[in-house]
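None of these values were measured; they are calculated from a predicted model. Atoms within a ligand are numbered from 1 in the order they appear, just like the ligands themselves.
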Amino acid sequence: MRKTLNIAHRGLSGIYPENTMLAFKKALEIGCDGIEIDVQLTKDGYAVICHDEELDRTTTGTGLIKDYTLEELMKLDAGIKFGREFKGLKIPTLEEFLKYVSDKNTIINLEIKNSIIDYENIEKITYDLVKKYNLEKKVIISTFNHYSVRRCIRLDRTIKTGALYWDCIFEPYNYVQMLGANALHPQYNSVTREIVEKAHDNNLEVNVYTVNNKEDMKKMIDLGVDAIITNYPNVLKDLL
Ligand code: G3P
Ligand code: MG
């Protein structure tokens, strides 16, 4: 059986403010195999890391990221809402993150957030930065927008891609193969042994999200998934 990889969801986000450089550093410190991050675009076309399209939940800002320039976003605090002790953390840019991980031994799962707002050119902006830091071999680009998966494949046939979904798609291993992606990225509840086996028969990986409790982690390891995306890579690390 293959080794299940341990991917830190938005960094070590169970313990530190999600999608911040601190959460990414801490995830690497505990020895995860990879980091998952969410990519959005600013008004002036910079790729930044934030899960929500809106700033309100995780930062001191309000409204949509797409309505602010990078300079404006840099004035916001992305730590304090998680806890006063995290005051002063900034929204990271994708470039800052890629530069930081470029000399680290880690898988990078870039989730392009473009199923709610279909940001123009986000695939190319993301891909150009991946290329700038020579990270093509370490990256897997995923998105819930499967038209965007196709756009990524068109940019570079060799870049790894994953199709995110949360429902019970019929024979997802056939669908994802037809799409041309390399991996299924399902919400973990929809995964069965048959799906994992048939995906593997089709040369596809199965990388599940977001598995935060031990029992579910054990179940997923037993099903033979390729990677588990979790807010608690520290807990998963002890299990593996
Ligand atoms: O990429 C896995 C997972 O992050 C997808 O859902 O909403 O947490 O970005 P979400
Ligand atoms: Mg995500």
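Considering backbone and side-chain atoms together, Tyr209 places no N or O closer than 3.5 Å to any N or O of ligand 1. Backbone and side-chain nitrogen or oxygen atoms of Thr210 are examined, and none is located within less than 3.5 angstrom of a nitrogen or oxygen of ligand 1.
Between His146 and Tyr175, the ring-plane angle classifies as tilted under the 30° and 60° cut-offs.
Aromatic rings from Trp166 and Tyr209 are positioned such that their centres are separated by 6.0 Å or more. When ring centroids are compared, Phe24 and Phe97 come within the 6.0 Å threshold.
Tyr133 does not carry Lys131 over the face of its six-membered ring by the limits of under 6.0 Å from the centre and within 45° of the normal.
Of all the N, O or S atoms in Asp38, the one closest to the Mg ion (ligand 2) is OD1.
The nearest heavy-atom contact from the protein to atom 1 (O) of ligand 1 is Glu36 OE2, 2.7 Å. Among protein heavy atoms, the minimum distance from atom 5 (C) of ligand 1 is reached at Glu111 OE1, 3.4 Å.
The ligand atoms of ligand 1 that sit less than 4.0 angstrom from a heavy atom of Arg10 are 7 (O), 8 (O), 10 (P). Near Lys113, the atoms of ligand 1 lying under 4.0 angstrom from a non-hydrogen atom of the residue are 7 (O), 9 (O), 10 (P). Which parts of ligand 1 touch His51 is read off a 4.0 Å heavy-atom cut-off, strictly below it: atoms 7 (O), 8 (O), 9 (O), 10 (P).
Gln187 does not count as a contact of ligand 1, since none of its heavy atoms falls under 4.0 Å from the ligand. Residue contacts with ligand 1 include Phe144, since one of its heavy atoms falls under 4.0 Å from the ligand.
With the Mg ion (ligand 2) as the vertex, atom OE1 of Glu111 and atom OE2 of Glu36 span an angle of 90° (nearest 10 degrees).
At a heavy-atom cutoff of 4.0 Å, ligand 1 is contacted by no atom of His185, backbone or side chain.
Salt bridge absent: Lys87 and Glu85 never bring a charged side-chain N and a carboxylate O closer than 4.0 Å. Salt bridge absent: Asp67 and Lys43 never bring a charged side-chain N and a carboxylate O closer than 4.0 Å.
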(message) Applying side-chain contact (heavy atoms from CB on, under 4.5 Å) to Asn207 and Leu184, what does each step give before you reach the verdict?
(response) CA-CA 6 Å; Asn207 305 324; Leu184 284 60; over 6 Å; no

Does His51 form a side-chain hydrogen bond (donor to acceptor under 3.5 Å, both in side chains) with Asn19? I'd like the steps, not just the answer. CA-CA 7 Å; His51 177 270; Asn19 280 326; over 6 Å; no

